2 protein chains.
Amino acid sequence: MPKTLPTAPFEGANENLSATTAPQDVSREDAATFDVLRKMREDILCCVLKPDQKLKFGELRLRYDTSVGTLREALSHLVSEGLARTEAGRGFQVAPISLADFLDLSELRVYLETKTLADAIRHGTDAWEAEIVSSYFLLSKLAAPRPDDPLSVKQEWGKRHKRYHDALVATCRSPWSLHYRSELFDQARRYHWLTMIHSRLHRRNEHLEIRDAVLARDSDLACSLMEKHIRTTVEQAVSDVPGLIRGNARALRPAGRRKS
Amino acid sequence: MPKTLPTAPFEGANENLSATTAPQDVSREDAATFDVLRKMREDILCCVLKPDQKLKFGELRLRYDTSVGTLREALSHLVSEGLARTEAGRGFQVAPISLADFLDLSELRVYLETKTLADAIRHGTDAWEAEIVSSYFLLSKLAAPRPDDPLSVKQEWGKRHKRYHDALVATCRSPWSLHYRSELFDQARRYHWLTMIHSRLHRRNEHLEIRDAVLARDSDLACSLMEKHIRTTVEQAVSDVPGLIRGNARALRPAGRRKS
DNA sequence: ATTTTCGAAACTTTCGAAAATATTGAATAA
DNA sequence: TTATTCAATATTTTCGAAAGTTTCGAAAAT
């Protein structure tokens, strides 16, 4: 049973209110733990750790060179973000992916991306515009990765892509919307990664179109382009990622093959 | 640097897809850890652990009778949920609250609650209706708590209130919407708690009205009632919770007074 | 009186090993 | 053959303590 905490009893709650904002996003956490968390997240997003893969502490300890305690902490975080799962006493595994999941999260993304974008445009500043210009520039320097590009190129493109999309909505005033938008964007990155690996389809320069609509403060156009951007991505994944559309996805499993 | 993981290299990703759904909500986690997590969450929601309060491991260890490792894991989870914060090397604290935060999260709640409710009505089953009837019944057995009711009554009402609202949207088909709806509902509970403590306002039986609209499958009415339900709650908090509306909230701080 | 310095105390973070639990595979029984 | 038991093995979970930071406060200096 819980022992008592040496703290004043709580009666009225008329005291104790603060004024700051709400969800804590990626801020610098505990140096080491956060480092492991970031690396693991990146590895899951890039499918280095594959969907459904069992995450054994033994292997993880070697890979990230840290202790189980630190690993558990990071894994716990990933579970909340929906990138991993855990079950009572049988450890952790990478969260599964599925067409249904991708459709579901994309639908919510359309709402959150357009909502935050509209609000960001409404409250845009010079610095906001500058970061959009700058991050778009960096993104445009890298052509959209092809299936045979090396991993590092794909990863760098992924980083710049995220930075650009973050820049677009940076001045949105709703911390909660931004927080969930960011989580879903990361979720979608796993599917983007699979698409990048499989699809050779060349898309017209949607990022440029969005940038220009945003800088022109044309909220309706920008949002409608953004919506199309997301939906096109879904269609591309559906048509080009084998196994995603069929229910047989279950047949294609993690890395682990049974031994002997 | 990361040592190599003894795992087959990842080239095509044409393998490895699974079919299940996405976010892992509150499912049974690791018995002990999850227990601590649940208790801490409840304590934060009921302001036993007050906004901005420093969460020291020494005290927490006594209160929850567990080790620091387990505590860190739970705290890590709470940070992801937005109920706690942490900063590099100076520990954890309960997430702050503010009017701006409450307004922001309530706005998003209106969208998610109505969206999930509409979808739940669309896919409602007999079992769904039965749980709504049953959870409403349990809720109605307890009159809305008054400021001077004992803590345990307020807590029990909170549980039944949550169960009822969960029941309403249970058949919604969007796991991501449900997941975020649930997180925001919990967030709102902190503010509800403060309202319960301060307000003597008697509200008409909104839960009954919503129940009947839902059972009648009148989606438009149900959603509009739900929206009003949420907005009324905000207004009640704004008018009855002292310190919430004024910016001076900062003056009213945690429990900790300096010693000697 | 105010600021700065420095050492002690308080607290957080990280780790490795012990305890608990689940999984595997071989031997036995149906 | 198929199912079951049981012990050996592998893996997860929990804990306590060492190592590393930050905070606090008294003494020295301005």
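We name chains A, B, ... by the order of the sequence lines, and we start the count at 1 in each one. Computed from a predicted structure; not experimentally measured.
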Start at the 5' end of DNA chain C and walk down; is the nucleotide closest to Phe57(B) or to Val68(A) reached first?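 Counting from the 5' end, the first nearest nucleotide belongs to Phe57(B).
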Whole angstrom is fine here: how far is it from [atom1] in [X] over to [atom2] in [N]?
X: Asp35(B); N: dT14(D); atom1: CG; atom2: P; value: 10 Å
X: Leu55(B); N: dA10(C); atom1: CG; atom2: P; value: 20 Å
X: Glu73(A); N: dT12(C); atom1: CD; atom2: P; value: 13 Å
X: Glu87(A); N: dT12(D); atom1: CD; atom2: P; value: 13 Å
X: Phe34(A); N: dT13(C); atom1: CZ; atom2: C1'; value: 16 Å
X: Leu60(A); N: dC15(C); atom1: CG; atom2: P; value: 14 Å
X: Leu37(B); N: dT13(D); atom1: CG; atom2: P; value: 14 Å
X: Leu62(B); N: dA10(C); atom1: CG; atom2: C1'; value: 15 Å

Taking the six-membered ring of Phe185(A) as reference, does the NZ or CZ atom of Arg181(A) fall below 6.0 Å from its centre and within a 45° cone about the axis?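 Yes, cation above the ring, under 6.0 Å and within 45°.
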Taking pairing as Watson-Crick or G-U wobble with both contacts under 3.5 Å, can you name the mate of dA28(D), or confirm there isn't one?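 Pairing partner: dT3(C).
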Please check the phosphate of [N] (OP1 and OP2 only) for any side-chain N or O of [X] closer than 4.0 Å.
X: Thr33(A); N: dT13(C); answer: no
X: Thr70(A); N: dC15(C); answer: yes
X: Arg72(B); N: dT12(C); answer: no
X: Arg90(B); N: dT23(D); answer: yes

Could you go step by step and tell me if Phe57(A) and Leu75(A) meet the side chain to side chain contact (heavy atoms under 4.5 Å, CB included) rule? CA-CA 10 Å; Phe57(A) 286 96; Leu75(A) 285 167; 3.9 Å; yes
How are the rings of His161(B) and His165(B) set relative to one another: parallel (under 30°), tilted (30 to 60°) or perpendicular (over 60°)?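 If you compare the ring of His161(B) with that of His165(B), the planes turn out perpendicular.
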Should Arg173(B) and Asp104(A) count as an ion pair when the cut-off is N to O under 4.0 Å?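 Looking at Arg173(B) and Asp104(A), the cut-off is not met.
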Might you confirm whether atom CZ of Arg61(A) has over 12 heavy atoms from other residues, nucleotides or ligands at distances under 6.0 Å?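 No, because the 6.0 Å sphere around CZ of Arg61(A) holds 12 heavy atoms or fewer from other groups.
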Counting heavy atoms from C-beta on, name the nucleotide in dT12(D), dC11(C), dT13(C) closest to the side chain of Lys54(B).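 The answer is dC11(C), which lies nearest to the side chain.
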